[in-house]
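Take a look at the structure below.
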Amino acid sequence: MAAAARVSLRTLQDRFRIDLGTTPAAHLRRVRLDRVHRDLLRIADGSASETVAEVATRWGFTHLSRFAAYYREAYGQVPSRTAERR
């Protein structure tokens, strides 16, 4: 990201902290969690048929128990609950 923005790594980190109140890694994780959440809602409404593990892995979460903890912290429930058909 720093190279693409043509700034130093430290400048990138500082701007994220000042402007967004987070780190680049935490911001990227949140974006990926949002994409997982969207895909799990598609499973719940029947328009997709993947498993939670497949969705998480596709979005770069390879440590599934850590992913579940991040997800629970962000959305207040476990990922499988979001994916349940309603």
Side-chain angles (χ1 to χ4, degrees):
M1 279 193 264
R6 297 184 179 157
V7 298
S8 70
L9 181 57
R10 183 64 176 175
T11 298
L12 181 74
Q13 291 169 333
D14 287 344
R15 293 314 317 176
F16 263 81
R17 185 175 31 79
I18 292 165
D19 296 340
L20 301 174
T22 190
T23 65
H27 177 73
L28 180 58
R29 182 184 315 107
R30 183 57 199 219
V31 169
R32 290 170 34 228
L33 283 169
D34 288 346
R35 299 305 189 275
V36 168
H37 183 71
R38 179 196 62 199
D39 290 352
L40 294 180
L41 291 173
R42 290 181 62 233
I43 293 170
D45 74 15
S47 62
S49 60
E50 295 174 281
T51 66
V52 171
E54 289 169 338
V55 172
T57 302
R58 182 161 37 84
W59 286 107
F61 294 100
T62 55
H63 193 290
L64 296 180
S65 62
R66 190 173 301 141
F67 156 72
Y70 289 142
Y71 190 91
R72 189 172 36 255
E73 182 180 327
Y75 295 100
Q77 63 185 14
V78 295
S80 58
R81 176 79 174 134
T82 302
E84 287 178 355
R85 295 203 188 266
R86 297 179 180 141

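Residues: numbered from 1 along the sequence shown.
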* Could I get the full list of salt bridge (charged side-chain N to carboxylate O under 4.0 Å, His left out) partners for D34, not counting sequence neighbours? => R30
* ring pair (Phe, Tyr, Trp, His ring centres under 6.0 Å) contacts in which one or both residues fall within residues 38-60, not counting sequence neighbours -> none
* Shortest non-hydrogen separation from R85 to G46 and the atoms involved -> NH1-CA, 2.7 Å
* **side-chain contact (heavy atoms from CB on, under 4.5 Å) evaluation trace for L33 with F67** => CA-CA 9 Å; L33 283 169; F67 156 72; 4.0 Å; yes
* To do: For D45, check salt bridge (charged side-chain N to carboxylate O under 4.0 Å, His left out) against everything at least two apart and list the hits.
  => none
* Asked: Going from OG1 on T23 to CZ on R17, what distance comes out if it is rounded to the nearest 0.5 angstrom?
  -> 11.0 Å
* In Å, rounded to the nearest 0.5 Å, how long is the span from CZ of R72 to CZ of R81? -> 14.0 Å
Side-chain donor-acceptor pairs under 3.5 Å in residues 50-57, sequence neighbours left out?
unit_1 : atom_1 : unit_2 : atom_2 : d
E50    : OE1    : R58    : NH2    : 2.6
E50    : OE2    : R58    : NE     : 3.3
E50    : OE2    : R58    : NH2    : 3.1
T51    : OG1    : E54    : N      : 3.0
E54    : OE1    : T51    : N      : 2.9
T57    : OG1    : A53    : O      : 2.8

* Show the numbers, then the answer: is there a side-chain contact (heavy atoms from CB on, under 4.5 Å) between L12 and R15? => CA-CA 5 Å; L12 181 74; R15 293 314 317 176; 5.9 Å; no
* **Counterpart residues, side chain to side chain donor-acceptor pair (under 3.5 Å), relative to Q13 (two or more places apart)** => none
* To do: Begin with the C-alpha distance, continue with both residues' side-chain angles, and end with the deciding distance and a verdict on side-chain contact (heavy atoms from CB on, under 4.5 Å) for V36 and R32.
  => CA-CA 6 Å; V36 168; R32 290 170 34 228; 5.6 Å; no
* Verify the neighbour count for atom CD of E73: are there more than 12 heavy atoms of other residues, nucleotides or ligands below 6.0 Å? => no
* **Contacts of F16 that satisfy ring-ring contact (aromatic ring centres under 6.0 Å, His included) - sequence neighbours left out** => H27
* Asked: What class does the angle between the rings of Y71 and H37 fall in, given that below 30° is parallel, 30 to 60° is tilted and above 60° is perpendicular?
  -> tilted
* Structure fact -> Rounding to 0.5 Å, atoms OG1 (T82) and CG (D39) come to a distance of 12.0 Å
